[in-house]
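Chain letters run A, B, ... following the sequence lines, proteins first, then strands; residues in each count from 1.
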There are 2 protein chains.
Amino acid sequence: MSDALRPLTRPRLYEQVVAQLREHVADQGLKAGDRLPPERELAERLGVSRASIKQAIVVLEVQGLVDVRHGGGTYLRKDTLHSEPVEHLVDRRRRLPDVLDARDALETKLAALAAQRRTPEDLAAIDAALAEMRAQVDRGESGEDGDRRFHEAVTVAAHSGLLAHFMRQITEPIAESRRESLRQPGRPPRSLAQHERIADAIRAGDARAAMRAMHRHVETVSRVRLLNWDPENEAG
Amino acid sequence: MSDALRPLTRPRLYEQVVAQLREHVADQGLKAGDRLPPERELAERLGVSRASIKQAIVVLEVQGLVDVRHGGGTYLRKDTLHSEPVEHLVDRRRRLPDVLDARDALETKLAALAAQRRTPEDLAAIDAALAEMRAQVDRGESGEDGDRRFHEAVTVAAHSGLLAHFMRQITEPIAESRRESLRQPGRPPRSLAQHERIADAIRAGDARAAMRAMHRHVETVSRVRLLNWDPENEAG
DNA sequence: GCCTCCCGACAGGCTCAGCCACTTGGCCAC
DNA sequence: GTGGCCAAGTGGCTGAGCCTGTCGGGAGGC
């Protein structure tokens, strides 16, 4: 996973324009509701074509930071143009503890909701994932696939679109820490047992027990991960 | 708050192009790693200018759905171009229960982390917010501003960039439910008392107590909000 | 036969000039 | 005061064109 040989791509012009606009808003102390300069003026002042200005404004528009009115101008919707896309927060290895905190927050609640809301179909999906994991572990494999499917099934069973959306944003770093955790000697069978306890609580409709079981599970994974984690020398 | 007289805005061309691209990917069964047709070809086939195609592709690019290589073509990064921006999940009134679930998940964890990680400065900010709320409530106001500042201060004290990011995504619906809750007769003083209990636990460094206090608080707000909430006739 | 290098086709990056569509505000007739 | 009208300003979109980067295949050297 070396980043050393990534093909280097030059920054897009529109990205620089976005940066300039952010700066302008900060410098001028513009607030929500204020109007940005007209596109033609921006193009002239930044020395780029109107098309590039337009691309930058489209970016801000889809991020909900700006409100563009045909014939009327472009208006701020927030007091700042900074949006901090999740990727920036998630991609960097340094942020891994953050991801684990977020995972605990989300999955604990998801387990509780799943216990309250699971349909028979949800339960079947959870059991199927568990069966897959058990089969894999019995064969001496890590059970990673079943593990992933289990958490996905619990997420679905919670029937909360927003929480599911948040979970999706941290899918990749979670998968990574899962892989690492399951590589620990003797870990797969214990992990399986933890998952079974979670499933039991969800099946019983016991939200508090589901929360506790899930919390303990996430805590275990976090501990393993954090032990191996060195913020200075992050060889993956 | 009537939506009846909202100025009607025509859909942007680039949005239609994005939709067409999604459809194309689905129809052709394109997968991650596959290449999209060249911009010039898309422009011709869709009967729009290349600039519009470009805007659409920029949108997909900032959403991380597509990888654009200068001179090399545009490649899919996922098996689909659908992204489900949070706004769609958050804006609709129907999703309010989801927001409240998410709030419980996030703020409960934030309170626990704040109890463990708060610096003296964090505590000072929390106390300042609490003092403002108390002053407002004493004057017979709702204390909404202090309330908001309190939760922001707790979020900062938790020192988790990711959780803070998630919180920001549901700021607005939360503010709305807060307003509604504080309008209930006799609610502001009780809310103040709940906030003080949370602050006490954070000051004491008692993560479990902070969790419990925050959970109870969020639960109270949710109950008020849900009572008034009618999914069929959603007059705001 | 194999490797290297170079070139040309093709891809996206960006600009320029211009016209269309919509908003706004002021002026005028009523 | 009301409504219609017009002009200026602003975003929406186009088309042609040139630049820069990528990639594959053929010419030439070994």
Applying side-chain contact (heavy atoms from CB on, under 4.5 Å) to B:F150 and B:I126, what does each step give before you reach the verdict?
CA-CA 6 Å; B:F150 179 87; B:I126 291 174; 3.5 Å; yes

Between A:A102 and B:F166, which heavy-atom pair has the shortest distance, and what is it?
CB-CE1, 4.1 Å

Its contact letters, B for base, S for sugar-phosphate only and - for none at protein heavy atoms under 4.0 Å, make nucleotides 6-16 of chain D read ---BBBBBB--

Taking the axis from the first five pairs and the axis from the last five, what angle separates them in the helix from C:dG1-D:dC30 to C:dC30-D:dG1, rounded to 10 degrees?
10°

Whether the A:H165 and A:Q169 side chains hold a donor-acceptor pair (N or O, under 3.5 Å, no angle test) is what I'd like checked.
yes

Just by distance, with hydrogens left out, do A:Q136 and A:E132 show a side-chain donor and acceptor under 3.5 Å apart?
yes

Ion pair A:D145/A:R148, N-O distance below 4.0 Å:
yes

Scan for salt bridge (Lys or Arg N to Asp or Glu O under 4.0 Å) pairs involving residues 65-76 of chain A, sequence neighbours excluded, and state none if there are none.
A:D67-A:R69

What pair of heavy atoms forms the shortest contact from B:Y14 to B:S52, and how long is it?
CB-O, 4.1 Å

Carboxylate-amine/guanidinium proximity below 4.0 Å for B:E144 and B:R178:
no

Can you measure B:D67 atom CG to C:dG12 atom C1' for me and round it to whole angstrom units?
13 Å

